[in-house]
Amino acid sequence: MAAEVLVFNLLSAVAIVAAAAMITMRNPIHSAIALVVTFVNVAAIFVMLRAEFLAAVQIIVYTGAVLVLILFVLMLVNQDDLPEFHGAKPLQQVFGFGLGIVLLIEIGAAILTRTVVAEPGPWDEQGIAQAGGHIQSIGQVLYSGYVLPIQATAFVLLLATIGALFLGRPDEDEEPTPTRRPVATISLAHTRGADDAPLPQLQAANVKHEAGDRDLIMARDADEFTSIPGEDDEQKERSE
Amino acid sequence: MDANLLSSYIFAVVVLNVLLGLMAYMTYFERKVMAAMQDRVGPNRTGPVGLLQPIADGIKLLTKEDIIPKHADRRIFLLAPLLSFVLAPVAAAVIPFGDSINVFGHEVNLYVADINVAALYFLAIGSMGVYGIILGGYASANRYSLLGGLRSAAQVISYEIILGLSLIGVFILSGSLSLVEIVSQQSETLNLGPLQLPNWFILSQPLAFVIFLIAAVAETNRAPFDLPEAETELIGGFHTEYSGFRFSFFFLAEYISMIIISLFAATIFLGGTDGPIRDGVWWLAIKAAIFLFFYIWLRTTVPRFRYDQLMGLAWKVLLPLVLINILLTGFIRLWGLGML
Amino acid sequence: MSELMPEHFMFLSAALFIIGMVGVLTRNNVLVIFMCVELMLTAVNISFVGFAWEFNQLTGQIFALFVIAIAAAEAVIGLGIIMALTRQRDTVDINQVRELRQ
Amino acid sequence: MSLEISQGTPVEISEERALGGSQRQMVLNMGPQHPSTHGVLRVILTMEGETIVECDPVLGYLHRGVEKLGETHRYSQFVPWTDRTDYVAAPSNNLGYILAVEKLCGIEAPERATYWRMIMGELARLASHLVWLGTHALDIGALSMSLYCFRERESILDIFETFCGARLTTNMMEMGGFSREVPEKLPQMVRDFCNMFPEKQAEYEALLSANPIWLSRTRGVGVIEPEAAISMSLTGACLRGSGINYDIRKATPYLYYDRMDFEVPLGTRGDVYDRYLVRMEEMRQSISIIEQCLEQMPTDGPLSLSESPYVIPPHDSVMKTAEDMQRHFIWVIKGFSPPKGEVYQAIEHSKGELGYYVVSDGTPIPYRVRLRTPDFVNLQALPYMAKGAALADVVALIGTIDIVLGSVDR
């Protein structure tokens, strides 16, 4: 089964190179694309490790949504005021890399000298096939022992959306952008009112009902509907 | 390389070429149908009934001058159309075109791959398609196409969530995500008293079907949701700076994803290759053609949404509906299994 | 080295984690740091899935699933904060965002 | 980009005027060549995020100095210029000018000619409304509406062609009536059109009027209050959409509009949807006016005031009799000179009140010809409506005021 190892090594090599590219690229958009490449390779590795459902979730949630959001924010922030990569203090750079290498050596030693403790569980290749496939097996395990964590995660996600809404709100001190004026008043011949103010009682002959519950008033001659109802009784009083 | 792997490779090549051919003639089909709906004739100069029109378009686009803006980020400018063009047909790998036929002795099953997470694979490829739009908008270096690209990406993302959720109703009933399994489940006949109904999911999941259709139209930036097309006039859609064959990548990627979403809808809701007389890939073709006709019909008649209405529709109307649908299907399923 | 050994995915997970960590330490663009955190989370996911594969268990995969869900929520909040930050300070450089006062 | 407008002061519009904080205003330039500005209108939009803060239309790209030409051409030579201003409804432009000059000379066309003038005027209104509906719906996204509308417009243009030989630049109205006999198959063509059109219009309304997307794109958009409409002196459907009852055919009837029995539609909310309803209703009223004209028209009777000095002698007698040939020669070469004085004649054009103010100093060439074109005035409503509107609404706003750049720029 050397092919499997070969493919695994290839995928992990590309993932590591892309991850390295991500932290060394000058333009953050290029590093975001490098991260996309890494995530896709990681998803491929999940498929190899018998975790197909997780691979799909990784692509849909991580690459398809979270990274796209990061790209959104990256692009909305104006490019020219992004800080220079090498502007940071060199000491911090060297210290970072040094710490990385030291940690790598430690973990490498730990990996090589590990002793296997637990014995293999039931969910090998036949176990999954017997349960009907990856989704069915994960479904069984997930909903048999982990119902409480699912509710907790759902709650966390709800909190996150509310938090994001709160953060996204424009702050008050900015002058509000001009919004549209309230909907039209009715014509001169009718009392002014909001959008749904009822039309004064027009003779049925005049009102022609149109689609979209809107009516047209049909004026037969020039001086119909030209005086404001309220005003002409005042004129009468004034004239008497 | 065992025989099974080899045969699925060959079938994959066949499917890809058929798809590319279909995609070319989809443009012709659309122009002819739209013309008929608009009281005009449509392309009839090239070839007998204008049949060579797609080839003519292809040559025109290939020979057109291909301009790359000076400040554009060259590498990403070239990558973006490729990304959306390549990712579109890849989603067709999971669609079953039939059970299996034997060719020269050994069995060839008529689907490229039957993976257990087929529908999720389809959604994953769909969600990767967004990168073509975003990077295309970013790389063309003008602020307006960037904002246009971001807006259409936001539209695709929100409708993708609705698309995914609308499928959950079907998965609850079918119990499996693999399309081959779903098609086989839909082939039994449901006899409600006298009438013999095919057990298609459109009958048991009408609301999910309608929401899926709306989200599918929005996902491929078509018809009433074709904001990028309107954007090109106003804010400069993400593919304004593209010309020549690079633009044709974006343009054709839209058609391929339209065909594939129609095939997918036919498989999930209308029972794929299952038909009253003899099951076969022609039934799938007919059903997909119905969906494609619906796409074109929408495009000629219905006016375009405004951006805020479009997003409002997704989050305020479709999302609650889809969640209610999942709730109902869940309860019915439990009631059906007697667990309630 | 013919058979796929657990050490393979452990090295991969360690490497990615360390690259993420170095990225967080050296880069001074808030968004790139954010991406490096995501990379570290994915590295942890790989080791979860790897051990689940090695011991034929599914708990590892389920835990990875929860990590992805929580990471999505964290990303939303993180980006919300970054957007609010850029709207106020008009910069994304981590070094200029130290003082709490305006 | 800096923008040099002809008045000399270059207007420096920086790419993004940075405001307080990082709230950037974006300047968007809907340039002269743009699919949905109905010709060569240029609109500079200053936007904050999604809403428009400022809208500044730039005109003059199609300015041909029509009014100056009026001062160097004889009265009858100016008529072809009138139908090139609003090239979508040419006959009613000619009608306006000819009525003004006839009023100046104090003559009036005979009854049969006046009826034919009213028919042609109403047909021009229909043609203009069809172009408006087609392009307005096309901008908002209903692609096939423009195809259907232009199919009906073809039959109107065929009527124009049989009547005066030209489809678009008709130049059909002459002083004192028509010098040639009306083709005998014309009344039947007009009757056929009037019978065919209503069910075609029902087709449009089936497609648009109750379409939820059309409703959501047009209702509550581009609202003009009645007071604002009056203060901006809007006319035509823009005014009546806000509910103000002013239609020149009713207010100061010209030709035989006082004999006609028709109604003037008034909107109640003053938004894009109301103006759409008002124009659709106007089309129905025009059809009924044309039918009434066909009935009331006397079957025989002169078509032109042939004996008046201001009028060209009828075409067939020019070929036969010597003095008519001589009068025709003098009329064409020297032209006629109306009495000194000035006149303002307004007609109800499809887009609003089209007024001609003609000043004559007794010579065959007018001293001054002023065109008060409705869509130049209605265009002022665009900045008023656009403030606070969404960006995608600008196309709907331009469509609802129904402008044709020929008559806006003159």
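Lettering follows sequence order; numbering is per chain, from 1.
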For this session: List the steps and the verdict of side chain to side chain contact (heavy atoms under 4.5 Å, CB included) for Val32(C) and Ile23(A).
Result: CA-CA 8 Å; Val32(C) 178; Ile23(A) 56 173; 5.6 Å; no
Exercise. Are Asn45(C) and Tyr62(A) close enough, and set up right, to give a side chain to side chain contact (heavy atoms under 4.5 Å, CB included), and what steps lead you there?
Worked result: CA-CA 12 Å; Asn45(C) 273 349; Tyr62(A) 250 124; 4.3 Å; yes
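For the set Val61(A), Ile107(A), Leu112(A), Ile138(A), the count of heavy-atom pairs under 4.5 angstrom toward chain C peaks at Ile138(A). The residue among Ala20(A), Ala51(A), Gly163(A), Ala154(A) with the most heavy atom pairs within less than 4.5 Å of chain C is Ala51(A). In terms of non-hydrogen atom pairs under 4.5 Å with chain C, the most contact-rich of Ala19(A), Ala13(A), Ala15(A), Ala164(A) is Ala19(A). Looking only at heavy-atom pairs under 4.5 Å with chain C, the residue among Leu99(A), Leu159(A), Leu11(A), Val141(A) that has the most is Val141(A).
To the nearest 0.5 Å, atoms CD1 (Ile45(A)) and CH2 (Trp53(C)) are separated by 12.5 Å. To the nearest 0.5 Å, atom CD1 of residue Ile68(C) and atom OG1 of residue Thr153(A) are 12.0 Å apart. Annotation: the span from Phe63(C) atom CZ to Tyr146(A) atom OH amounts to 8.0 Å, rounded to 0.5 Å. Here the straight-line distance linking atom CD1 of Ile150(A) with atom CG of Leu65(C) works out to 8.5 Å at 0.5 Å rounding. How far CE of Met83(C) is from CG of Leu76(A): 5.0 Å, rounded to the nearest 0.5 Å. To the nearest 0.5 Å, the span separating NE2 on His8(C) from OG on Ser12(A) amounts to 8.0 Å.
The side-chain heavy atoms of Ile111(A) and Phe11(C), taken from C-beta on, include a pair separated by under 4.5 Å. A 4.5 Å side-chain heavy-atom check between Thr161(A) and Val76(C) finds every atom pair outside the cut-off. Between Phe48(C) and Leu49(A) the shortest side-chain heavy-atom distance does not fall below 4.5 Å. Within the 4.5 Å cutoff, the side chain of Pro28(A) has heavy atoms near those of the Asn29(C) side chain. For the pair Thr26(C)/Phe95(A), no side-chain contact is recorded, criterion being any heavy-atom separation below 4.5 Å from C-beta on.
With a 4.5 angstrom heavy-atom cutoff, Leu142(A) touches chain C via backbone and side-chain atoms both. The contact between Val42(A) and chain C is made entirely by side chain atoms (from C-beta outward), counting heavy-atom distances below 4.5 Å. Thr38(A) touches chain C through its side chain: at least one heavy atom from C-beta onward sits under 4.5 Å away, while N, CA, C and O do not. Proximity to chain C is limited to the side chain of Phe39(A), based on heavy atoms less than 4.5 angstrom apart. For Phe72(A), no part sits under 4.5 Å from any heavy atom of chain C, backbone or side chain. Interface remark: Leu35(A) contributes side-chain atoms only to the contact with chain C (heavy atom separation under 4.5 Å). Residue contact with chain A, scored on non-hydrogen atoms closer than 4.5 Å, involves the backbone and the side chain of Ile19(C) alike. At a 4.5 Å heavy-atom cutoff, the contact between Leu58(C) and chain A is made by backbone and side-chain atoms alike. Heavy atoms of Met35(C) lying under 4.5 Å from chain A belong to its backbone as well as its side chain. For a residue to count as touching a neighbouring chain, one of its non-hydrogen atoms must lie under 4.5 Å from one of that chain's; by this rule Ala32(A) touches chain C with backbone and side chain alike. When heavy atoms are compared at a cutoff of 4.5 Å, Ile46(C) approaches chain A by way of both its backbone and its side chain.
In plain terms, the two heavy atoms of Ala75(C) and Val66(A) that are nearest each other are CB-CG1, 3.5 Å. Scanning all heavy atoms of the two residues, the minimum distance from Val156(A) to Ala73(C) falls at CG1-CB, 4.0 Å. Pairing each heavy atom of Met21(C) with each of Gly100(A), the nearest pair is CE-CA, 3.9 Å. Nearest heavy-atom pair, Ala64(C) versus Leu54(A), reported as atom, atom and distance to 0.1 Å: CB-CD2, 3.3 Å. When all heavy atoms are compared, the tightest approach of Met25(A) to Arg27(C) is O-NH1, 2.9 Å. Nearest approach of Val73(A) to Leu79(C), heavy atoms of both residues: CG2-CD2, 3.7 Å.
Using a distance-only test at 3.5 Å, with no hydrogens or angles considered, no donor-acceptor pair links the side chain of Gln58(A) to the main chain of Thr42(C).
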